[in-house]
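No hydrogens, no waters, no symmetry mates; every other heavy atom, side chains included, goes into these values.
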Amino acid sequence: MATNGSQESFAPSDVLAAVMTMRTGEQDNKTKAHHYLERFQKSLTYDLSTQVSPSELPALRNQILLLLKHFAAGPKPIRVQLCVCLAILAIQMKDWHDVLPSVVQSLSDSPESHACILDFLRVLPEEVTEGRKITLSEEDLAARTQALLGDNTDQVVQLLINYAQSSRKNISTPRQTACAYHLPLAAARRNPQLMECITSWLREIPVANIVNSPLLDVIFEGVTSDECSQEASECLCVMLREASDVDESQAVVHALFPRVIGLRPNIQKVVEEEDTERLKSLTKVFATSAESWVVAIAREPIHFRPLVDAVLECAARDTERDVIEHTFGFWYELKQYLVLERYIEGRMQMVDVYSKLVDILLKHLEYPTPESANESDLFDGDREQEEKFREFRHQMGDTLKDACDVMGVTQCLTKVLDAIQVWTQKYASQVSGAHVPHWQQLEAPLFAMRALGRMVDKEENIVLPQLMPLLVQIPSHEKLRFATIMVLGRYTEWTAAHPEYLEPQFNYIVTSFQSDSREIMRAAALSIKFFCTDCKHLLSGQVLQLQTFYDQILDKLPDLSKEEITEGVANVVAVQPAAETYRLLKLYCDPLVQRLMNKANSATDEDSKLALADHLQLITIFVQNVMPFVGPGEENPAVKYWQEVFPILSTVLDNFLDFSPICERICRCWRNMVISYRTAMAPLLPEMANKLASSFNVAREGCFLWVTSAILREFSEDREHVDQATTDNIYTFFEAQTTAFLRVMTELQPKDLPDVIDDFFRLLIDALLYYPQKLVPSHLLVPIFEASIYALTLEQRDPLSSTLHFLRDLLSYGGNNPASSEGLPEQAAAEIRGIVKNLLLSHGPNLIKQVMAGMMITFPRDCFADGSGVLLAMFELLPGQTTEWVAQTIQLLPEGTVSPQEAERLVTKIKDRLQSGDAGGLRHVRVLLQDFTNTYRRRNVAPRDGLGQLEATRFQFSG
């Protein structure tokens, strides 16, 4: 095959040599040959038109068929790869009209050819479905899909039937003999490849055609066989999903339902044989059928009850917790219907099913009993199994909620209460110190109660008053105490409505901090957060004692727990009278600030600096939560306190300007000050603005722009209690920040500061929203616009998204629907429209070039919509010029990637749509450009690692 540019050559002799190496070569050579053959296959997908002339395609097809014949008996990976190659070729050979018959006929004289035929039949629908990777137009691809799949469904069904019924006789297609399969009848019927073929073609063949054919018996026989139960079960599941519209598939459901129910006796059989894989296959069949027909179950619960019972039996028989997860989707879907008023009868019929399901789940929730006597390692060192169990429990918790929705909260909680009482009656007297017999049976209902927490109304007065006194008496076993703490933390809203239960619960949590277990400490800190948040008014009288407790235990906690408990106590401080705010902030935060200074003085390595950054977050949490209400013109006591702290934060910042995490945390603190106290921050603004400006000039970190953005929003002209002088000063500060950023942009490549670019254009979005009358006429607009085009050369989502959003907002000011027109006089709006259009006339070609380059080559997929929005706005404002700029851009593409005919056709269609004058003209232009850029990307970029042919030749704006 000929080469094209940097493309690899695939001579037939080299391909054959690689294939032979795969069969007989050394391992290293086999690996190289395998990679070579993978590239060869991709070249068929992406480069066929450039590597092989149309006249050579039949010879290439014949060569692949010969290789298929040669490797009919294997190795299987080679045989499958060759089938994939042949399928890809078939998609692109538009004049090959008899693909299926000719492939079958060419392989018909080989006794082993059944494997090749079945492999080809399986991969053909898969490759056609993936055909968007291939360089065909949408019309050609649709035509080939119909020719290869749609027109062959009847023939494929008959071919598969013939194969399934074969026993030393020929399989024939409607047109010719396929091949002689010298196989016993049972072997053919139970061939996993046959099941996979049927599954693959179910995308095209109506499921009724399979149901009404002898293949249905073959599939059900396969489900219960030893040879292909998994493949047959998957095939049946696909059929069931295809029949999920029960109203349109009544005949199919009527035919399949008794056959599915007939499989139920096999559950007992595979359980006795301890065949987990076959139990999993059966569970998938029952669960998939039930989920597919869930609306029918809700309508006719008595008729379909045997199917629901089969799913329940699978869950109950799953002693190793290997298959129950496959039923979770069904229980959820059925619940969604049963909670509706119209299906109340179904709900009544299914309450007992969900009740039994809860019993099953409570058993499955139990921790395993370790084989060793070491209860500190319940999974005998298998960490993967332990993590899997944890995740599995949370899935079961979701299913418990589904059951609760159907049964009602009282019945579900009663089962929890009963389980705890049963354990207490049996084993409470046997508890001795840390030894708690059969603690798993007590921990499981505690976990279930925790999972149900969000379902329980705070007014529940039947079960919880019986449960809560039991919880604080749970034995002091690590797993039990952890579970109890987590339950109490989940029910704090209920406790807030029942204050008589608060004290024993809160004391239980507080005493838990004496534990040596880090797990219990973390759980206790989280629960304190919830108690202080939901019961803050009840705890407000203990605010002083709470500070003593907080200060004593803070340093013992891991970082996340420090933040959680800080959020809790900050909530209690926040509900104190405003007159107490300053005093309480000093009481709580002065020790934090002292810790901060100590950490700053000793922060010499990365770990200690990170610890300092983490500690700063605790101060920010108080800023976020303690926001006293004061009237206009009154001094805010919180701001009064933060004015005292600000110089310390500034000093820390000055000392660590070269360490990003500390810069970011201090900026986050300041930004939250602006958001929390808004215009009350006016006394701190001059000092803060100076520090932000000087710090950005040194550190060039985007976080300083991030704070500026918050200031712009809170002190814009439309805010109450903001005087014009303050607004003007803030805008002047913004201009200084912008000038500093633009200077940085001239010194560095966009790839060197993506985060700063992201923050800068987020800042500009706010500036444009609140100060359009100042920003658009500004002398900074042109360099900002040029910087935005330059930033579009990036290939990272966040900075690109921010830049494109800014451009879309800016372009909106060139039309009659700006991003914000509030407060803009018509004369000012008209002046702004003119400025924006003049800007586009001078810089539009570069913008179009870079946006199209991004959409065709470099943008992440998440940025396509915004890129398309920029193009659409350009067509709306300057339709003629934009069309010309698009045409000029296409001419810059590497030779051979777009034909002149394609380019001309696109431009012509754009002009036609724009000239049509109808309301949908612009929308059609957007669709045309999206299709064009998507097709270009699919052909030239997406198939390859990196940017393929365009890596060295892609065009960029350089300004």
Apply side chain to side chain contact (heavy atoms under 4.5 Å, CB included) to the pair Met449 and Leu467, showing each step before the final yes or no. CA-CA 10 Å; Met449 184 179 176; Leu467 267 171; 3.9 Å; yes
Report yes if the side chains of Phe622 and Trp642 come closer than 4.5 Å at any heavy-atom pair, otherwise no. yes
Check: residues 545-553 side-chain donor-acceptor pairs under 3.5 Å, at least two apart:
| from | atom 1 | to | atom 2 | distance (Å) |
| --- | --- | --- | --- | --- |
| Gln547 | NE2 | Leu587 | O | 3.4 |
| Tyr550 | OH | Thr566 | OG1 | 2.8 |
| Asp551 | OD1 | Arg595 | NH1 | 3.1 |
| Asp551 | OD1 | Arg595 | NH2 | 3.1 |

Residues forming a side-chain contact (heavy atoms from CB on, under 4.5 Å) with Glu333, sequence neighbours excluded: Glu291, Val294
Any side-chain heavy-atom pair of Met396 and Phe328 under 4.5 Å: yes
Value rounded to 0.5 Å, distance of CD in Glu564 from CG in Leu526: 4.5 Å
Over 12 non-hydrogen atoms of neighbours within 6.0 angstrom of CD in Glu493: no
Leu653 vs Ser695 side-chain heavy atoms within contact, under 4.5 Å: yes
Which heavy atom in Val487 sits nearest to a heavy atom in Leu446, and how many Å separate them? CG2-O, 3.1 Å
Between Glu443 and Lys479, is there a side-chain N and carboxylate O pair less than 4.0 Å apart? no
Set of side-chain contact (heavy atoms from CB on, under 4.5 Å) partners for Ala316, sequence neighbours left out: Ile360
Listed once per pair and sorted, the side-chain hydrogen bond (donor to acceptor under 3.5 Å, both in side chains) pairs that draw on residues 355-364, sequence neighbours left out: Ser355-Lys415, Asp359-Lys415, Lys363-Glu366
Is the CD atom of Glu320 crowded by more than 12 outside heavy atoms at less than 6.0 Å? no
Could you pull out all residues at least two apart from Thr319 that satisfy side chain to side chain donor-acceptor pair (under 3.5 Å)? none
To the nearest 0.5 Å, how far apart are OG in Ser602 and CG in Leu612? 8.5 Å
Contacts of Gln594 that satisfy side chain to side chain donor-acceptor pair (under 3.5 Å) - sequence neighbours left out: Asn598
Give the C-alpha distance, both sets of side-chain angles, the deciding distance and a yes or no for side chain to side chain contact (heavy atoms under 4.5 Å, CB included) between Ile485 and Ile509. CA-CA 6 Å; Ile485 292 169; Ile509 304 297; 3.8 Å; yes
Chi angles and distances behind the side chain to side chain contact (heavy atoms under 4.5 Å, CB included) call for Ile711, Leu692: CA-CA 11 Å; Ile711 295 173; Leu692 289 171; 3.9 Å; yes
Please check if the number of heavy atoms outside Gln542 that lie under 6.0 Å from its CD is greater than 12. yes
For the pair Lys609 and Glu606, evaluate salt bridge (charged side-chain N to carboxylate O under 4.0 Å, His left out) and give the outcome as yes or no after the intermediate values. CA-CA 5 Å; Lys609 291 178 183 178; Glu606 183 166 356; over 6 Å; no
Would you mind reporting whether Cys669 and Phe646 have side-chain heavy atoms less than 4.5 Å apart? no
Mind checking whether Tyr501 and Trp494 have parallel, tilted or perpendicular rings, split at 30° and 60°? tilted
Who are the side-chain contact (heavy atoms from CB on, under 4.5 Å) partners of Asp614, not counting sequence neighbours? Asp559, Arg665
Pairs touching residues 448-466 that satisfy side-chain hydrogen bond (donor to acceptor under 3.5 Å, both in side chains), sequence neighbours left out: Asn461-His498
Residue pair Ser515, Arg481: steps toward the side-chain hydrogen bond (donor to acceptor under 3.5 Å, both in side chains) verdict: CA-CA 10 Å; Ser515 170; Arg481 195 168 191 93; over 6 Å; no
CE (Met627) and CZ (Arg678) are apart, to the nearest 0.5 Å, by 10.5 Å
Working to the nearest 0.5 Å, report the span between CG of Asp318 and OG1 of Thr283. 7.0 Å
For a 4.5 angstrom cut-off between non-hydrogen side-chain atoms, does Glu503 reach Asn507? yes
Hey, does the side chain of Ser676 reach the backbone of Val623 with a donor-acceptor pair shorter than 3.5 angstrom? yes
Step by step, work out the ring-ring contact (aromatic ring centres under 6.0 Å, His included) result for Tyr367 and Phe389. CA-CA 8 Å; Tyr367 270 97; Phe389 178 70; 5.1 Å; yes
In Å, rounded to the nearest 0.5 Å, how long is the span from CG of Leu596 to NZ of Lys599? 9.0 Å
Does the side chain of Thr495 come under 3.5 Å of the side chain of Gln505 through a donor N or O and an acceptor N or O? yes
Under a 3.5 Å threshold, yes or no: a donor from one side chain and an acceptor from the other, between Tyr677 and Asn672? no
Distance from Asp402 atom CG to Leu334 atom CG, nearest 0.5 Å? 9.5 Å
If the condition is side chain to side chain donor-acceptor pair (under 3.5 Å), which residues does Ser608 pass it with, not counting sequence neighbours? Asp605
Are Asp405 and Lys401 within salt-bridge range, i.e. N to O under 4.0 Å? no
Considering only heavy atoms from C-beta outward, does the side chain of Phe704 approach that of Cys663 to under 4.5 Å? yes
Would you indicate whether the side-chain heavy atoms of Phe447 and Arg393 approach each other to under 4.5 Å? yes
Show the atom names and distances, to 0.1 Å, of all donor-acceptor pairs under 3.5 Å that link a side chain in residues 416-426 to residues at least two apart or in another chain.
| from | atom 1 | to | atom 2 | distance (Å) |
| --- | --- | --- | --- | --- |
| Trp423 | NE1 | Pro437 | O | 3.2 |
| Trp423 | NE1 | His438 | O | 3.1 |
| Thr424 | OG1 | Ile420 | O | 2.8 |

When you measure from the side chain of Tyr354 to the backbone of Trp331, do you find a donor-acceptor pair of N or O atoms at a distance under 3.5 Å? yes
What heavy-atom pair brings Phe696 and Glu701 nearest, and what distance separates the two atoms? CD1-O, 3.4 Å
Partners meeting side chain to side chain donor-acceptor pair (under 3.5 Å) with Asp534 (sequence neighbours left out): Thr492
Does Leu557 reach the side chain of Phe513, with side-chain heavy atoms less than 4.5 Å apart? yes
Any salt bridge linking Glu387 with Arg383? Criterion: basic side-chain nitrogen under 4.0 Å from a carboxylate oxygen. no
Can you give the donor-acceptor pairs under 3.5 Å from side chains of residues 573-584 to other protein atoms, not counting sequence neighbours?
| from | atom 1 | to | atom 2 | distance (Å) |
| --- | --- | --- | --- | --- |
| Gln576 | NE2 | Val572 | O | 3.0 |
| Glu580 | OE1 | Arg583 | NE | 2.9 |
| Glu580 | OE1 | Arg583 | NH2 | 2.4 |
| Thr581 | OG1 | Ala578 | O | 3.2 |
| Tyr582 | OH | Glu644 | OE1 | 3.3 |
| Tyr582 | OH | Glu644 | OE2 | 2.4 |

Take a 6.0 Å sphere around CG of Asn601 and say whether it holds more than 12 heavy atoms from other residues, nucleotides or ligands. yes
